[in-house]
Protein chains: 2
Amino acid sequence: MSDNSAKSNHPITIYDVAKAAGVSYSTVSRVLNGFEFVKDSTRNRVMDAAERLGYVANLQARGLAGGRSNIIGLLVPVLDNSYVSEVMKGIDEALARAGFNLMLFTTHRHEGKEQQYASTIASMTDGLILLVPLESPIYLDAIRERNYPHVLVDQTDESGASASVSATNWQGAYEVTQHLIMLGHRRIGVITGLLELSSARERLNGYRAALQDHDIPVDDSLIIQGDYLQARGYAAAQALLRLERRPTAIFASNDLSALGAMDAIREAGLSIPDDISLVGFDDIPQAAITHPKLTTVRQPLVQMGRTAVQLLLERLEHPDSPPGHITLTTELVIRASSKPPR
Amino acid sequence: MSDNSAKSNHPITIYDVAKAAGVSYSTVSRVLNGFEFVKDSTRNRVMDAAERLGYVANLQARGLAGGRSNIIGLLVPVLDNSYVSEVMKGIDEALARAGFNLMLFTTHRHEGKEQQYASTIASMTDGLILLVPLESPIYLDAIRERNYPHVLVDQTDESGASASVSATNWQGAYEVTQHLIMLGHRRIGVITGLLELSSARERLNGYRAALQDHDIPVDDSLIIQGDYLQARGYAAAQALLRLERRPTAIFASNDLSALGAMDAIREAGLSIPDDISLVGFDDIPQAAITHPKLTTVRQPLVQMGRTAVQLLLERLEHPDSPPGHITLTTELVIRASSKPPR
DNA sequence: CAGCGTTTTGCAAGCGCTTGCAAAGCGTGC
DNA sequence: GCACGCTTTGCAAGCGCTTGCAAAACGCTG
């Protein structure tokens with residue numbers, strides 16, 4: 001890097017580079033954008049000048065003029081959530097590789113103004129990844145209306161208008177339930193997710209199917225509504241523990257709920273897994289640091305993020321091809337929180 | 001919201017609003033920017049039209065023309081880290097309230113290209129919050145050169161050219177060490193952070209000072225270098241446990257290290273806190289879900305994020321006033337992982 | 001060496017907005 | 001009823017860039 005770089009408040013523009021290279025500014029633009037009809041010698045001269053001056057494109061101007069901003073938006077509900085962080089990690093990684101920047105939007109911002117918010121987002125970004133299971137309908141309406149490139153994460157899309165990436169929720173729940181059954185459990189409680197979410201419904205159905213396939217009747221009193229959050233997991237586990245015929249195992253529909261359940265079980269003076277087995281879903285990093293370590297179903301969160309980016313970039317390249325849907329497979333991770341009942 | 005909103009791909013511009021309101025586009029601009037010399041009746045007419053059409057400003061254009069983008073950048077090293085998430089939460093919250101958008105940049109992106117990266121960031125944002133203890137010098141050079149508004153989080157700034165927000169690291173470490181001493185511990189191991197970071201040095205010094213104030217000689221073999229990461233915490237704890245005269249308590253310089261240490265201690269067949277007390281620093285959410293729950297020093301992470309935003313906005317308003325420095329106080333949080341030695 | 005088809009370059013317009021400047025409106029005092 | 005000063009509005013330029021179009025340069029061929 002040379003010393004000529006923009007130290008003062010007047011940054012180097014494409015004109016400066018053009019002057020330095022002895023060509024017109026449009027030629028500079030073409031070189032910088034990899035346009036092909038440029039003589040090699042000219043290209044080199046421009047590249048040199050740009051390098052020497054420490055030129056860096058003003059992305060706002062580029063966005064305005066070219067209609068593309070090279071920014072991808074990410075809409076999330078909360079930030080202090082491992083699930084979200086992990087997916088974000090994959091997204092960031094993939095975007096960096098593709099040369100895109102990331103703009104972060106949180107849903108708690110403008111209640112009642114989702115439409116405007118969506119417009120604002122659209123005015124700044126080339127595409128949007130939605131990691132917002134719950135509020136998503138409101139945003140989706142606004143976004144689909146203007147046919148804006150987007151991808152849903154962890155959400156099945158009924159309309160087919162949105163690309164999406166998700167995991168094998170049903171199968172994961174089936175497997176982890178089966179795991180408990182194989183250990184000898186017959187009374188298995190379940191703490192569901194928010195049933196408005198397809199992932200929660202799929203997991204619950206997987207649980208049911210596993211019981212049925214092993215000729216265990218589904219007992220509705222063992223099904224407690226949760227919301228994927230720790231506090232509800234705690235309360236739901238308490239409810240399960242108060243049952244006359246207490247379950248010998250609990251399947252929490254996500255790890256966060258499982259963490260809550262773990263607290264409740266411990267407070268009740270019971271031991272995991274001796275008195276009661278506990279399994280979760282997601283395999284967030286915390287699942288491996290609890291004591292005992294949590295048996296769970298791994299969702300490839302980072303890879304889901306990467307895949308979402310890939311799908312989105314495909315949409316940007318081929319706006320007219322039908323949106324892609326990718327389902328990644330989950331994996332049962334057996335740790336220390338599950339064992340045969342007494 | 002009306003049905004006239006931009007459904008097609010041609011979004012509503014300021015001209016459309018001007019036409020609808022029967023005024024010139026510059027008047028619209030003035031109204032939208034809260035300019036004062038506008039007749040009330042005109043203002044209302046414009047507001048109505050904007051509302052009716054569902055107008056939303058194109059922030060790229062606004063940024064280009066006005067020199068302000070209403071975007072604040074956040075530079076972080078990694079995303080899957082509770083510490084980072086918590087601070088981000090505070091930042092997002094405060095920015096939302098102030099009407100700014102958030103653009104996320106990760107440092108792992110362009111090694112060797114930090115200068116350009118910094119320029120790019122500067123071309124898109126109005127200011128930058130740096131949460132990048134380690135790599136920060138490289139970025140800081142580039143940023144200070146162009147006198148770009150920025151705030152450092154958790155980093156003392158020697159030059160005084162940068163605004164900064166941090167916590168009472170020395171005092172927190174002093175207090176938690178004293179807590180262990182009061183419980184009766186005399187051999188207290190410490191797992192440091194990366195000593196290139198001021199926070200790590202301050203915490204180590206606080207530990208030392210507490211020992212000295214209680215006439216306990218500092219034993220260098222009890223000081224193990226760590227790096228604030230879980231893996232090193234694990235290894236460092238193993239090293240401490242192998243010592244001839246094993247410590248009866250360990251102070252990990254951050255919670256992540258403490259989590260690693262916890263694993264090592266448990267693997268060695270020892271119990272926390274019966275055989276050995278363990279304390280951390282930060283009070284990340286995980287600290288409350290470990291078993292036993294971790295005694296630690298709470299840093300007001302969310303508030304640090306909020307404060308960073310506040311300092312940055314001040315800088316934007318008054319570029320010439322000296323950059324602010326705010327130090328938030330930490331708080332000892334006594335949980336179950338510390339008790340008197342046997 | 002003229003004529004032609006390519007390749008390469010430059011010019012101008014325009015992306016949607018802000019803002020300095022000047023013109024137009026308006027009310028007041030004389 | 002006019003001049004004056006203030007408030008309010010409109011026009012034009014310009015932010016830094018992309019891109020369509022036309023001009024220039026080049027390399028052939030006959």
Side-chain angles (χ1 to χ4, degrees), chain A residues 6 9-47 49-50 53-71 101 119-120 122-126, chain B residues 6 8-47 49-50 53-71 101 119-126:
Chain A
N9 280 326
H10 182 71
I12 310 277
T13 73
I14 203 176
Y15 290 87
D16 301 319
V17 176
K19 184 133 50 105
V23 298
S24 77
Y25 56 84
S26 31
T27 300
V28 174
S29 171
R30 291 197 183 96
V31 170
L32 263 25
N33 288 297
F35 202 70
E36 46 188 342
F37 296 118
V38 179
K39 217 196 288 178
D40 280 351
S41 62
T42 315
R43 182 191 313 282
N44 292 337
R45 227 156 2 110
V46 171
M47 296 291 241
L53 296 176
Y55 170 79
V56 176
N58 178 319
L59 296 190
Q60 302 214 86
R62 180 174 283 183
L64 223 209
R68 287 167 301 97
S69 63
N70 260 263
I71 302 175
N101 286 112
S119 297
T120 303
S123 88
M124 315 206 63
T125 61
D126 291 342
Chain B
S8 66
N9 281 326
H10 181 69
I12 310 277
T13 73
I14 203 177
Y15 289 87
D16 300 320
V17 177
K19 184 134 48 105
V23 297
S24 79
Y25 55 85
S26 31
T27 299
V28 174
S29 172
R30 291 197 185 96
V31 169
L32 263 25
N33 288 296
F35 201 70
E36 44 188 343
F37 295 119
V38 179
K39 217 196 287 180
D40 280 352
S41 63
T42 316
R43 182 190 314 282
N44 292 336
R45 222 150 15 104
V46 171
M47 297 291 241
L53 296 175
Y55 170 79
V56 176
N58 178 320
L59 296 190
Q60 304 214 82
R62 179 175 283 182
L64 223 208
R68 288 167 302 94
S69 63
N70 260 265
I71 303 176
N101 286 112
S119 298
T120 303
I121 295 176
S123 87
M124 315 207 63
T125 60
D126 292 342

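Quick note: numbers below take in every heavy atom, side chains included, and nothing from hydrogens, waters or symmetry partners. Here is the naming used below: chain letters follow the sequence lines, and residue numbers restart at 1 for every chain.
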| request: Check every strand shown and say whether B:T13 touches a base, only sugar-phosphate, or nothing at a heavy-atom separation below 4.0 Å. | output: sugar-phosphate

| message | Measuring to OP1 and OP2 of C:dT18, would you say a side-chain N or O of B:R62 lies under 4.0 angstrom away? | response | yes

| field | Candidate nucleotides D:dG10, D:dG16, C:dG10, ranked by approach to the side chain of B:S26 - the nearest | value | D:dG10

| remark: Of the candidates D:dG16, C:dT9, C:dG20, the side chain of A:L64 sits closest to D:dG16

| Once you round it to whole Å, what is the distance between P of D:dG16 and CD1 of A:I12? | 12 Å

| request: Mind checking the CZ-CZ spacing from A:F37 to A:R43? Nearest 0.5 Å is all I need. | output: 11.0 Å

| task | Find the distance between CZ (A:R45) and CG (A:D40) and round it off to the nearest 0.5 Å. | result | 12.0 Å

| Separation of B:I14 atom CD1 from C:dG14 atom C1', in whole Å? | 16 Å

| Minimum-distance nucleotide to A:S29 side chain [options: C:dC15, D:dT19, C:dT18] | D:dT19

| note | Among the nucleotides D:dA12, D:dC17, C:dC11, whichever has the atom closest to the side chain of A:Y15 is D:dC17

| B:A57 side chain: which of C:dC17, C:dG10, C:dC21 is closest? | C:dC17

| message | When you measure from the side-chain N and O atoms of B:S24 to the phosphate of D:dC11, is any distance below 4.0 Å, counting only OP1 and OP2? | response | no

| Nearest-Å distance, CZ (B:R43) to P (D:dT7)? | 14 Å

| message | Mind checking if B:T42 touches a base, just sugar-phosphate, or nothing, with heavy atoms under 4.0 Å? | response | sugar-phosphate

| To the nearest angstrom, how far is A:K39 atom NZ from C:dT9 atom C1'? | 9 Å

| task | Round to a whole Å and report the spacing from CG of A:L32 to C1' of D:dC17. | result | 10 Å

| field | Nucleotide D:dC6, atom P - distance to CZ of B:F37 in whole Å | value | 11 Å

| note | dist B:I14:CD1 -> B:L53:CG (nearest 0.5 Å) comes out at 12.5 Å

| For B:N33 and C:dT19, what is the distance between atoms CG and P respectively, to the nearest whole Å? | 7 Å

| What's the NZ-C1' distance between B:K19 and D:dG10, to the nearest Å? | 17 Å

| note | Interatomic distance, CZ@A:R30 vs OG1@A:T42, rounded to 0.5 Å, equals 11.5 Å

| field | CG on A:N101 to CE on A:M124, rounded to 0.5 Å | value | 11.5 Å

| task | Kindly point out which of C:dT19, C:dT8, D:dG16 is positioned nearest to the side chain of B:R68? | result | C:dT19

| task | Please figure out whether B:T27 or A:G67 has its closest DNA chain D nucleotide nearer the 5' end. | result | B:T27

| Touch check for B:Y55, heavy atoms < 4.0 angstrom, all strands: base, sugar-phosphate only, or nothing? | sugar-phosphate

